[in-house]
Amino acid sequence: MATDTLKSTPGASGASGIRRLLLDNGALTALIVLVIAMSALSGDFLTTDNLLNVGVQAAVTAILAFGVTFVIVSAGIDLSVGSVAALSATVLAWSATQHGVPVFLAVVLAIATGIAAGLVNGFLIAYGKLPPFIATLAMLSVARGLSLVISQGSPIAFPDSVSHLGDTLGGWLPVPVLVMIAMGLIAAFILGRTYIGRSMYAIGGNEEAARLSGLRVSKQKLAIYALSGVFAAAAGIVLASRLSSAQPQAADGYELDAIAAVVIGGASLAGGTGKASGTLIGALILAVLRNGLNLLSVSAFWQQVVIGVVIALAVLLDTVRRMSGATPVAAGTGGDKGKQALTYLLAAVVAAAVVGAMSFLHSGSSSGTDRKVGLSLSTLNNPFYVQLKAGAQAEAKKLGVDLSVTDAQNDASQQANQLQNFTSSGLGTIIVNPVDSDAVAPAARAVNKSGIPLVAVDRSVNNADTASLVASDNVTGGKLAAKALADKLGGTGTIVVLQGQAGTSAARERGAGFTEGLKAYPGIKVVASQPADWDRTKGLDTMTNLLQAHPDIDGVFAQNDEMALGAIKALGSKAGSSVQVIGFDGTPDGLTAVKAGTLYASVAQQPTELGKIAVDNALKIAEGKSVAKSVMVPVKVVTKENVAGFTG
């Protein structure tokens, strides 16, 4: 789907001319087709608020992708941009809020962090002769690790003066969109009007020829990767501004979206071609896809499938274009600018026509919104939330509620996007299970501003209004786990703790409760505490490693059942005999292990009940009925003695 201006062959006219126009502007054509399709399928897509949402949701990916464009044009790759974005935002927040550095200097430090990471990448590639894939993969790990070290795994509040980058001007124009446009213009200028830009195309086209022509390739690569670091830092600042906090796990996986945007926009991974305008269109395509699929209630898992197909089609159509005899013209090296301008004008006219037609088609189609409810879950990769979803869907079916469910995949930014999409869909009520109680606040306040009632489930929403909170107490659950494990061990022994994903409020709260509960048992000593990210496989690996250093432990507390089941696998015959393991959540697999005696206990939260109550309260609120401001579903320690009577 390349957007490069192409030198047309003589004689192209009529049908052949249209075919050439479509091939020459594949990404733009695809964007128009997507807009038409989404407009036809959803009456909520072509609203002013939702189109602005698309722009905001494209902003971070686009800014990252502009930096990646420089690298790909020069035949390189940068896998570290997501981690560098998180590190830069963490440095800004850490220096400004915890160490009193003036905000201006903190911003400079954040940008300098991005530059430093880029220079290290460039040095390893240009002078260390490492393949770009390996060098930037190493930086991906280093930058993410440093972000976690600096933040100690917890979000850091962002300075208020910088958080305005996530706000709107005049109450409607999003600042992230303006930053995206500004960074796009800078990228276009660099690519098309500067010496370093021409050097990128020369190096990407033929590095050896560029070197023989007198170009200092090694120094140019240092500059190219440093520029990528600058754009990554800017993206990190914008992302953290949207969330009002620097999240150490922010932008995880965003490097793949950035690369996808560049490829969809027409750049070749072989180097030598690519434009900032194409990259912007690529980022918009990804944002339109995700936004539209959210509005259509398509599973996040299928969204990944669709995006993968789009990337494959982008490369395929680019191949077809080149086989048709078209010759790409790099930015700033010529081409028919008048024809390109006419193409964009034609696209604008078509888009305007579609807006008018679809607005008329869907007029008056948004009745009955009080029985439409949106549910944004933090993740569906955890059986606990799968049960919560099942409970919510069962109750929705029983009450005749149209329930739309989305999966944030433990990404606070993606959850913010989903809440934006729900807000523009005209729902009666929105239910949110926050990835992080603080990071969800800006999006939750936007929901408050829209007048749509907000219900929180499982975790609270800080610094925003919720009509109802349906939850079990993670802190209390942690205390119960400490008491159950300590009592089972007779008040003495050594234990290890498997923590949830760093930076999530559930991990902090369960850990804090467990630590508080252990204070009553001075004979219990925690000899190691390591994150296993809520994952069974990571629980197995982490527990295996910990057993090498602490083979004689007496107990394990895992902050969810999945990690506990991994620990049981690592312990083998010790589980349930010489080593007692306690999990958290009361998932079906966890309860099966309790029945078998390998898992001593699980602190069960009754997720199915949480989902049912959340939907029931959401409908009552939409109908103007009163509900309790806070509904606490009791947690209980489920052991072999009482597991038979527990239903979840």
Open item on the list: Quick one: does any side-chain atom of Q415 pair with a main-chain N or O of V435 as donor and acceptor, under 3.5 Å?
Closed with: yes
- [ ] Just do the side chain to side chain donor-acceptor pair (under 3.5 Å) check on D49 and Q420 with the steps written out, would you?
- [x] CA-CA 9 Å; D49 286 344; Q420 280 187 326; over 6 Å; no
Task: Flag side-chain contact, heavy atom, 4.5 Å: M563 against F584 - done: no
Task: Partner of R290 under side-chain hydrogen bond (donor to acceptor under 3.5 Å, both in side chains), chosen from T61, D257, T406 - done: D257
TODO: Could you tell me the separation between the OG atom of S241 and the NE2 atom of H164, rounded to the nearest 0.5 Å?
DONE: 10.0 Å
Open item on the list: Against Q605, only a single residue in D473, D458, L388, V633 fulfils side-chain contact (heavy atoms from CB on, under 4.5 Å); can you say which?
Closed with: D458
Open item on the list: Assess the residue pair R510 and D585 against the criterion (salt bridge (charged side-chain N to carboxylate O under 4.0 Å, His left out)); give the C-alpha distance rounded to whole Å, side-chain angles, the decisive distance to 0.1 Å, and a yes or no.
Closed with: CA-CA 11 Å; R510 294 178 185 185; D585 285 342; 3.0 Å; yes
Open item on the list: Show, in sequence, the C-alpha distance, side-chain angles and deciding distance for N421 and Q57, and conclude whether the side-chain contact (heavy atoms from CB on, under 4.5 Å) test is met.
Closed with: CA-CA 10 Å; N421 297 340; Q57 292 163 25; 2.9 Å; yes
- [ ] Check for a donor-acceptor pair, side chain of S42 on one end and backbone N or O of M38 on the other, with a separation under 3.5 Å.
- [x] no
Open item on the list: Any heavy-atom pair between the side chains of S602 and K636 that's under 4.5 Å?
Closed with: no
Task: Verdict with supporting geometry, L284 and L280, side-chain contact (heavy atoms from CB on, under 4.5 Å) - done: CA-CA 6 Å; L284 288 173; L280 175 60; 4.2 Å; yes
Open item on the list: Can you tell me how far apart CZ (F45) and CD1 (I36) are? Round to the nearest 0.5 Å.
Closed with: 11.0 Å
Open item on the list: For a salt bridge (charged side-chain N to carboxylate O under 4.0 Å, His left out) check, start with the C-alpha distance between E623 and R371, then their side-chain angles and the critical distance, and finish with the verdict.
Closed with: CA-CA 9 Å; E623 293 176 342; R371 303 193 78 83; 3.0 Å; yes
Open item on the list: If we ignore hydrogens and angles and just use 3.5 Å, is the side chain of K595 paired with the main-chain N or O of A644 as donor and acceptor?
Closed with: no
TODO: Work out which heavy atom in P159 is nearest to a heavy atom in A96; give both atom names and the distance.
DONE: CG-CB, 3.6 Å
Task: Positive for side-chain contact (heavy atoms from CB on, under 4.5 Å) with I237, one of V162, V60, V179 - done: V162
Task: From L380 atom CG to K389 atom NZ, the distance as rounded to the nearest 0.5 Å - done: 5.0 Å
Task: Heavy-atom donor-acceptor pair, S425 side chain to L427 backbone, under 3.5 Å - done: no
TODO: Indicate yes or no: at least one non-hydrogen side-chain atom of Q606 is less than 4.5 angstrom from one of L610.
DONE: no
- [ ] Quick one: do M632 and T476 satisfy side-chain contact (heavy atoms from CB on, under 4.5 Å)? Show the steps, please.
- [x] CA-CA 11 Å; M632 288 292 118; T476 298; over 6 Å; no
Open item on the list: Keeping R144 on the side-chain end and P248 on the backbone end, is there a donor-acceptor pair under 3.5 Å?
Closed with: yes
Task: Distance, nearest 0.5 Å, that separates CD of Q249 from OG of S413 - done: 14.0 Å
- [ ] Among T429, D616, N617, find the residue that satisfies the side-chain hydrogen bond (donor to acceptor under 3.5 Å, both in side chains) test when tested with S468.
- [x] N617
Open item on the list: I want to check something: taking the side chain as every heavy atom from C-beta on, are I156 and S154 in contact at a cut-off of under 4.5 Å?
Closed with: no
Open item on the list: Between K538 and D533, does the salt bridge (charged side-chain N to carboxylate O under 4.0 Å, His left out) criterion hold? Intermediate values first, please.
Closed with: CA-CA 7 Å; K538 290 184 179 179; D533 299 343; 3.0 Å; yes
- [ ] Please lay out, stage by stage, how D411 and Y254 fare under the test side chain to side chain donor-acceptor pair (under 3.5 Å).
- [x] CA-CA 10 Å; D411 182 344; Y254 280 35; 2.9 Å; yes
Task: Atom pair CG (N462) and OG (S460), whose distance is rounded to the nearest 0.5 Å - done: 4.5 Å
Task: Option passing side-chain contact (heavy atoms from CB on, under 4.5 Å) with P155 (candidates L243, D436, T90) - done: D436
- [ ] Could you tell me which non-hydrogen atom of L599 sits nearest to which non-hydrogen atom of G583, and how far apart they are?
- [x] CD1-N, 3.8 Å
TODO: State, with a plain yes or no, whether a side-chain heavy atom of I430 is found less than 4.5 Å away from one of V373.
DONE: no
Task: Non-hydrogen side-chain atoms of V288 and L31 separated by less than 4.5 Å - done: yes
TODO: Quickly, which of V470, V615, V405 forms a side-chain contact (heavy atoms from CB on, under 4.5 Å) with I431? Name it, please.
DONE: V615
TODO: Compare all side-chain heavy atoms of Q501 with those of N410 and state whether any distance is below 4.5 angstrom.
DONE: yes
TODO: Mark yes when over 12 heavy atoms from residues, nucleotides or ligands other than K629 sit less than 6.0 Å from its NZ; otherwise mark no.
DONE: yes
Open item on the list: Could you work out, with salt bridge (charged side-chain N to carboxylate O under 4.0 Å, His left out) as the rule, every residue matching D589, not counting sequence neighbours?
Closed with: R536
- [ ] Give a yes or no on whether the backbone of Q418 and the side-chain of N291 come within a donor-acceptor separation of less than 3.5 Å.
- [x] no
Task: Criterion side chain to side chain donor-acceptor pair (under 3.5 Å) on D561 and T587, from CA distance to verdict - done: CA-CA 7 Å; D561 284 347; T587 63; 3.3 Å; yes
Open item on the list: Please check: side-chain N/O of N433 versus main-chain N/O of V457, any donor-acceptor pairing under 3.5 Å?
Closed with: yes
Open item on the list: Looking at every heavy atom in both T168 and P174, which two are closest together, and how far apart are they?
Closed with: CG2-CA, 3.9 Å
- [ ] Might you point out which heavy atoms bring L286 and I264 nearest each other, and give the distance in Å?
- [x] CD2-CD1, 3.9 Å
Open item on the list: For F514, give me all partners under ring pair (Phe, Tyr, Trp, His ring centres under 6.0 Å), at least two apart in sequence or on another chain.
Closed with: F557
Task: Reported CD-to-CG distance for the pair Q409 and D252, which is rounded to 0.5 angstrom - done: 10.5 Å
TODO: Taking the side chain as every heavy atom from C-beta outward, state whether N294 and F422 have any pair of such atoms under 4.5 Å apart.
DONE: no
TODO: Look only at the side chain of Q559 and the backbone of G500, and say whether a donor-acceptor pair between them is shorter than 3.5 Å.
DONE: yes
Task: Residue pair Q247, S245: steps toward the side chain to side chain donor-acceptor pair (under 3.5 Å) verdict - done: CA-CA 6 Å; Q247 303 277 325; S245 63; 2.8 Å; yes
Open item on the list: How close do D407 and S378 get, counting heavy atoms only, and between which atoms?
Closed with: OD1-O, 3.9 Å
Task: Main-chain N/O of N50 paired with T47 side-chain donor or acceptor, under 3.5 Å - done: yes
- [ ] Tell me yes or no: between the side chains of E641 and T639, is some donor less than 3.5 Å from an acceptor?
- [x] yes
Open item on the list: Minimum heavy-atom separation for P434 and R459, please, with both atom names.
Closed with: O-NH1, 2.7 Å
